[in-house]
Amino acid sequence: MSRPLRVTAVVGTLSSPSKTTALVELILRTLEARTDTESRLVELHALGPAFATTVERDGLGADAEDALRAVEEADLVIAATPVFRGSYTGLFKHFFDLVDPYGLAATPVLLAATGGSDRHALVIEHAMRPLFGFLQAWTAPAGIYLSAGDFDGTTILNPEVYERIEMAVGDVVPVARALAEAKTARPAKTAQAPG
């Protein structure tokens, strides 16, 4: 039997409660129904004001460093953000600026975003996917975008959202599972004596 998938969800929201967090919680529940997972939810606003002003990783507090390590060690990352002026939040970008340059290489990432209207729906393709492409992550083909009309407060009303989430999870789970099993099967590197 394979080990649970380590899933880390990063939400770039600036406050709580949040529509974006509600979306991520639904994605996590859908993942848990499909496969065995160990999930962690990181809400960036909860990392404290010192996180936002730290420009070097060695100056981070323990909570922020732990969150970055959880992302770098994950088998699957869910990256979600509210949209402001057509792009992700500054806090979201700041967090991923601090991730090790190769920390997400070949890691599956499921992209999700929420915005005030459908005018922002292309944020996944035009802002988020290039960011994770630069980090050499494998982004799931289907991203999930919800507008304010899909919610009543933080309750998701649109039944089509559930279908989109099922499709996205269906795409990403086999890839995440295969890559996680390949990592587990690799023999540990051993030091060799010079000679």
Side-chain angles (χ1 to χ4, degrees), residues 5-33 37-54 60-99 103-104 107-116 120-132 135 137 139-140 142-148 150-158 161-162 164-165 168-169 172 176:
L5 277 181
R6 292 180 308 235
V7 180
T8 302
V10 178
V11 183
T13 188
L14 305 179
S15 62
S16 184
S18 153
K19 289 176 173 59
T20 311
T21 301
L23 170 58
V24 168
E25 289 171 341
L26 178 57
I27 295 169
L28 288 171
R29 286 193 303 273
T30 305
L31 272 166
E32 290 164 5
T37 63
E38 290 176 1
S39 299
R40 173 160 180 196
L41 177 62
V42 176
E43 292 181 281
L44 298 182
H45 71 88
L47 295 179
F51 162 70
T53 60
T54 302
L60 288 174
D63 289 347
E65 179 60 37
D66 185 53
L68 285 164
R69 264 196 319 278
V71 166
E72 294 165 351
E73 295 171 0
D75 299 315
L76 170 61
V77 173
I78 300 167
T81 183
V83 180
F84 293 106
R85 301 188 186 264
S87 192
Y88 37 69
T89 63
L91 207 54
F92 181 86
K93 177 66 165 65
H94 180 62
F95 181 85
F96 285 101
D97 283 344
L98 294 171
V99 168
L104 287 177
T107 299
V109 178
L110 179 57
L111 304 174
T114 60
H120 299 295
L122 287 174
V123 68
I124 290 174
E125 300 306 320
H126 292 283
M128 296 177 76
R129 204 172 296 279
L131 171 63
F132 290 96
L135 293 170
T139 54
I144 303 162
Y145 176 83
L146 274 64
S147 66
D150 293 316
F151 292 90
D152 178 10
T154 57
T155 302
I156 298 171
L157 299 176
N158 185 345
V161 170
Y162 296 86
R164 280 187 271 163
I165 291 171
V169 166
V172 78

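All residue numbers refer to positions in the sequence shown, counting from 1.
In this structure, Ser87 OG and Lys93 NZ are separated by 9.5 Å, a value rounded to the nearest 0.5 Å. Here the CD1-CG distance, from Ile165 to Leu28, works out to 10.0 Å after rounding to the nearest 0.5 Å. Rounding to the nearest 0.5 angstrom, the gap separating the CZ atom in Phe96 from the OG1 atom in Thr81 is 9.5 Å. Distance check, rounded to the nearest 0.5 Å: CG of Asp66 to CG of Leu47 gives 9.5 Å. Atoms CD and CZ, from Glu25 and Arg29 in turn, are 6.5 Å apart once rounded to the nearest 0.5 Å. A distance of 6.0 Å separates CG of Leu60 from CD of Glu65, quoted to the nearest 0.5 Å.
Between Ala168 and Ala142, the closest heavy-atom pair is CB-O, 3.8 Å. Val161 and Leu26 get closest at one heavy-atom pair: CG1-CD2, 4.5 Å. Nearest approach of Met128 to Ala113, heavy atoms of both residues: SD-CB, 4.1 Å. Contact between Gly115 and Val83 at its shortest, heavy atoms only, is CA-CB, 4.4 Å. Considering all non-hydrogen atoms of both residues, Thr8 and Ala74 come closest at OG1-CB, 3.7 Å. Closest non-hydrogen pair, Tyr145 versus Val123, comes out as CD1-CG1, 4.3 Å.
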Point to revise | Worked verdict on Leu68 versus Phe95 for side-chain contact (heavy atoms from CB on, under 4.5 Å) | key: CA-CA 8 Å; Leu68 285 164; Phe95 181 85; 3.6 Å; yes

Check your understanding: Can Thr107 and Phe132 be said to form a side-chain contact (heavy atoms from CB on, under 4.5 Å), step by step?
Key -> CA-CA 10 Å; Thr107 299; Phe132 290 96; over 6 Å; no

Point to revise | Derivation of the side-chain contact (heavy atoms from CB on, under 4.5 Å) call for Leu110 and Leu31 | key: CA-CA 11 Å; Leu110 179 57; Leu31 272 166; 5.5 Å; no

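In this structure a side-chain-to-backbone donor-acceptor pair under 3.5 Å is present from Asp75 to Arg6. Looking only at distances, no side-chain donor or acceptor of His126 sits under 3.5 Å from a matching main-chain atom of Gly86. Side-chain atoms of His94 come within 3.5 Å of backbone N or O of Thr54 as a donor-acceptor pair. With hydrogens and angles disregarded, no donor-acceptor distance shorter than 3.5 Å links the side chain of Thr139 to the backbone of Arg129.
Side-chain contact between Leu91 and Leu14 is present, with at least one heavy-atom pair separated by less than 4.5 Å. Counting heavy atoms from C-beta outward, Thr21 and Leu41 have side chains that approach closer than 4.5 Å. When side chains are defined from C-beta on, Leu104 counts as touching Val71, because their heavy atoms get closer than 4.5 Å. The side-chain heavy atoms of His45 and Ser16, taken from C-beta on, include a pair separated by under 4.5 Å.
The side-chain contact (heavy atoms from CB on, under 4.5 Å) with Val10 is formed by just one residue from the set Leu44, Val99, Ile78; it is Leu44.
Atom CG of Asp63 sits in a sparse spot, with 12 or fewer heavy atoms from other residues, nucleotides or ligands closer than 6.0 Å.
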